[in-house]
Amino acid sequence: MDRWLFAKPAGGWKSKRRFVVGAGLCGARGYLTRPMFWTEEVAERAGAGPHIINDSKTPSGRVHVGALRGVLIHDAIFRTLKERGVEVRYLFGVDDYDPVDEIPKGEDSHFGQHIGKPLCNTPAPCGAEGDMAEFYIREFWQVFDELGVKVERYRMRDIYRAGKFDAEIDMILRNADKVRAVYKEVSGAVRPEHWLPFQVICEQCGCIATTEVSDYDGSTVAYSCLTSRMVNPKLGLGKGCGHEGRISPFGGNGKLPWKLEWVAKWKQFPVTIEGAGKDHSTRGGSRDVSAACYKAIYGADEPLRVPYEFFLVGGAKMSSSKGIGASARDMANLLPPEMLRFLMMRTKPNSPVNFDTHEEGIVKLFNEFDRAHTRYFAKQATPDEAMTYRLACLREPQPYKPANIQLATALVQMPHLDARAEMAKRLGTLTPADEGHLDERLASAREWVANFAAEEEKTRLQETLPARAAELTHVQRAFLHALADSLPEKWEDDAIQSRVFEVARMTPIEQPQAFKALYRVFLDREAGPKAGNLLAFLDRTFVEKRCREMVFDVAEFWQQSASTPEALAKWLEKEKDNIAGETSDIATHGTWVAKDIIYTFKDGKRVRKRLLSGGTALV
């Protein structure tokens, strides 16, 4: 078991950076140290335990992927504590007594009539069985199972109706003056003297969001369903009905405001660790209010805070009601479980996660995960990288050959090919772990193409030369002709890729421009899968013909590909130690004279440089 202490960091003993120390390992001050991973820092601050971690979600629509940030942060802490032998439980609640206050995108006609009612008292949409809360939380639970998140589930309807919060409700109502004082001091919110921190379900209209409670006598409260209160002013929905009455606040007849509901959970369960998103964790925000109420009413300190930043998709915070961002279900369909966990784990909670589902973002994430996998099994990972990778895995990490995602997305879009067979051929002999990984990677590729890729990102082999190929420079066109003239006999990925690089050096053309030319004439795009892979999937005769379709003007080609004497001298100064020899020849075209110099490098590679003059021989 690791030992924990503050090792002297570079910033001196006042630094707050924590380090984990391997017992018995000699080093500075007698031990070898390394900075703690963020979950280890939380575990150290939490102490010996036992611990109860709590999190919850209001299922007011399809749960967006951003809600998984808290879920997986808490899961990482839970796993780290368990690894250290600490007694710990992870609770996750469904806040289904919260009111319907916004309508999920596209569901106006169904939910409009239920604005202000508890979610669990609102029928599910689309004629489905059950209620709104169960309808939307069901697929969220499925994602939990796929991500290996094991929690003890609870529903607030059950907590309230079973009377499990009755003692806390009584205590909070008896201390309403303290609550009002905290609201004013911490957040600046002023509540009238008669206001009590509770919401009952109106016996006439069934709304919970429009009622105001007063006059607690120890067993009942007075309430009014306010006609002056409208739950969703933007849509003009959820106005109170005006009913007044008295009712017991116990046994599920109402609920605490969620800031006080936090207090009740902390006391009843009791919670020792609970994170909260950035919007709740600001100074004077809801978490500060809840913490101050907990202290004022019970004289106790709040659970350990783990504030975390937003999860952004393409830079935007997500919203179920506005339809912004991907749902947790959609993202779990796209990303394998370990990949989705990796995306959340690798960033410290206090930094935002910004993920882009466009091609560049997808390729970047998959490649970074594949590098983490490779480094882990090569024993090259840093301690943080190793911890991130282990926490991302659902079970004990298993080695496998990573399948390139960009190649996979290209192959699944080529109906004349068996994508799995082509990928397997390039990976070599497959173990059961390789087989499972490959199937998973191809499923992600198909999901991305079908539901996330923009039209311009899709890889469609062009049956005829695209019109935009006319935009190619004469250098790019000459490169394509040269490639057609020197395609390798061995029609395999690596051989073709090597020949593309060789022809680019000898054209000469900058490599990015060479690849852009290939992607343009074959896919009508500027980027795509590895060129050697792409061409190897195609018929050789078709490739030769397509590369020769764009004609080029020799004089234009020479002018565009020529170096100036100054530029050549600068290049030679940079590369002089790598060059083994050179040859040159003179060629003419009309009034143009070109001197082509071929430099041979010590590693055997050759590079052509061209000097050009109009009508004058070069020497």
Exercise for review: Dump the intermediate steps for salt bridge (charged side-chain N to carboxylate O under 4.0 Å, His left out) on R155 and D95, then the final yes or no.
Suggested key: CA-CA 6 Å; R155 293 167 174 77; D95 293 330; over 6 Å; no

Exercise for review: Could you give me the CA-CA distance, side-chain angles and deciding distance for K278 and E309, then say whether salt bridge (charged side-chain N to carboxylate O under 4.0 Å, His left out) is met?
Suggested key: CA-CA 5 Å; K278 174 184 179 180; E309 270 275 5; 3.4 Å; yes

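- Under the 30°/60° scheme for interplanar angles, the aromatic rings of W266 and Y294 are found to stand perpendicular.
- Counting only N and O atoms by type, the side chains of Y223 and E203 include a donor and acceptor under 3.5 Å apart.
- To the nearest 0.5 Å, the span separating CZ on F355 from CG on L340 amounts to 8.5 Å.
- Taking 4.5 Å as the limit, every side-chain heavy atom of W38 sits out of range of all side-chain heavy atoms of N350.
- With a 4.5 Å cut-off on side-chain heavy atoms, R341 and P336 do not count as touching.
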Exercise for review: For side-chain hydrogen bond (donor to acceptor under 3.5 Å, both in side chains), just list the numbers for T220 and R246, CA-CA rounded to whole Å, side-chain angles, deciding distance to a tenth of an Å, and then say yes or no.
Suggested key: CA-CA 6 Å; T220 63; R246 291 195 73 90; 3.1 Å; yes

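- No more than 12 heavy atoms of other residues, nucleotides or ligands lie within 6.0 Å of CD in E87, so this atom counts as exposed by the packing criterion.
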Practice item. Check step by step if salt bridge (charged side-chain N to carboxylate O under 4.0 Å, His left out) holds for R62 and D330. Key: CA-CA 10 Å; R62 291 194 78 193; D330 293 338; 3.5 Å; yes

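- For the residue pair T122/D131, the side-chain donor-acceptor check at 3.5 Å is not satisfied.
- Under the 30°/60° scheme for interplanar angles, the aromatic rings of F78 and Y90 are found to be tilted.
- Residues F311 and V65 form a side-chain contact, since some pair of their non-hydrogen atoms from C-beta on lies under 4.5 Å apart.
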Practice item. Test ring pair (Phe, Tyr, Trp, His ring centres under 6.0 Å) on Y160 and F250 and set out the steps. Key: CA-CA 7 Å; Y160 280 114; F250 308 126; over 10 Å; no

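- Here the CD1-CG distance, from I273 to D55, works out to 12.5 Å after rounding to the nearest 0.5 Å.
- Atom-to-atom distance recorded for T39:OG1 and D384:CG is 9.0 Å, nearest 0.5 angstrom.
- When atom types are taken as modelled, the side chain of S281 and the backbone of A276 share a donor-acceptor pair closer than 3.5 angstrom.
- Looking only at distances, no side-chain donor or acceptor of E274 sits under 3.5 Å from a matching main-chain atom of L304.
- Taking the six-membered ring for Trp and the full ring otherwise, the centers of Y136 and F140 sit at least 6.0 Å from each other.
- Heavy-atom neighbours of H358 NE2 from other residues, nucleotides or ligands within 6.0 Å: at or below the threshold of 12.
- To the nearest 0.5 Å, the span separating CE on M132 from CG on D96 amounts to 11.5 Å.
- Using bins of under 30°, 30° to 60° and over 60° for the plane-to-plane angle, the ring pair Y389/Y376 lands in the tilted bin.
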Practice item. For S219 and D217, run side-chain hydrogen bond (donor to acceptor under 3.5 Å, both in side chains): C-alpha distance rounded to whole Å, both residues' side-chain angles, the deciding distance at 0.1 Å, then the answer. Key: CA-CA 6 Å; S219 58; D217 63 9; 3.2 Å; yes

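- Ion pairing between R157 and E134 holds under the 4.0 Å rule for side-chain N and carboxylate O.
- Across every non-hydrogen atom of E440 and P337, the tightest pair is OE2-CD, 3.8 Å.
- A salt bridge is defined here as a Lys NZ or Arg NE, NH1 or NH2 lying under 4.0 Å from an Asp or Glu carboxylate O, and K364 with D356 fails to meet this definition.
- A salt bridge links R305 to D288: one of the charged nitrogens lies within less than 4.0 Å of a carboxylate oxygen.
- Note: W195 and Y183 meet the aromatic proximity criterion, with ring centroids under 6.0 Å apart.
- Taking a cutoff of 4.0 Å between a charged side-chain nitrogen and a carboxylate oxygen, R346 and E368 qualify as a salt bridge.
- Using a 4.0 Å cut-off between charged side-chain N and carboxylate O, D98 and K255 make a salt bridge.
- Here the side chain of H74 pairs a donor or acceptor atom with the backbone of G70 at under 3.5 angstrom.
- L237 contributes atom CG, which lies 10.5 Å from atom CD of Q113 (distance to the nearest 0.5 angstrom).
- Inspection of the H194 and E212 side chains reveals an N or O donor paired with an N or O acceptor under 3.5 Å.
- Listed by chain and number, the residues in a ring pair (Phe, Tyr, Trp, His ring centres under 6.0 Å) with F269 are Y154 (sequence neighbours excluded).
- Looking at heavy atoms from C-beta onward, C202 lies out of side-chain contact with I208 at the 4.5 angstrom threshold.
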**Study point:** Evaluation steps, side-chain contact (heavy atoms from CB on, under 4.5 Å), between L81 and I53
**Key:** CA-CA 11 Å; L81 287 168; I53 300 170; 4.3 Å; yes

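- A donor and an acceptor atom, one from each side chain of E302 and W262, are nowhere located under 3.5 Å apart.
- A salt bridge links R329 with E146: at least one charged nitrogen is closer than 4.0 Å to a carboxylate oxygen.
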Point to revise | CA sep, side-chain torsions, deciding dist, call: S327, H64, side-chain hydrogen bond (donor to acceptor under 3.5 Å, both in side chains) | key: CA-CA 4 Å; S327 73; H64 57 67; over 6 Å; no

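- The side-chain heavy atoms of R69 and Y308, taken from C-beta on, include a pair separated by under 4.5 Å.
- For the pair Y298 (side chain) and A300 (backbone), a donor-acceptor distance under 3.5 Å is absent.
- Side-chain contact check for N367 and R371: no donor-acceptor pair (N or O, by modelled atom type) lies under 3.5 Å.
- F366 approaches L334 most closely through the heavy-atom pair CZ-O, 4.5 Å.
- In the displayed structure, E360 atom CD is contacted under 6.0 Å by at most 12 heavy atoms of other residues, nucleotides or ligands.
- Looking only at side-chain heavy atoms (C-beta outward), R390 and E83 come within less than 4.5 Å of each other.
- Salt bridge annotation for D75-K150: absent, with no cationic side-chain nitrogen under 4.0 angstrom from a carboxylate oxygen.
- For the pair F37/T388, a side-chain contact is recorded, criterion being any heavy-atom separation below 4.5 Å from C-beta on.
- Annotation: side chain of K259 is not in contact with side chain of R287 (no heavy-atom distance under 4.5 Å).
- The CD atom of E244 sits 12.0 Å away from atom OG1 of T211, with the distance rounded to the nearest 0.5 Å.
- Between the side chain of H51 and the backbone N or O of A46 there is at least one donor-acceptor pair closer than 3.5 Å.
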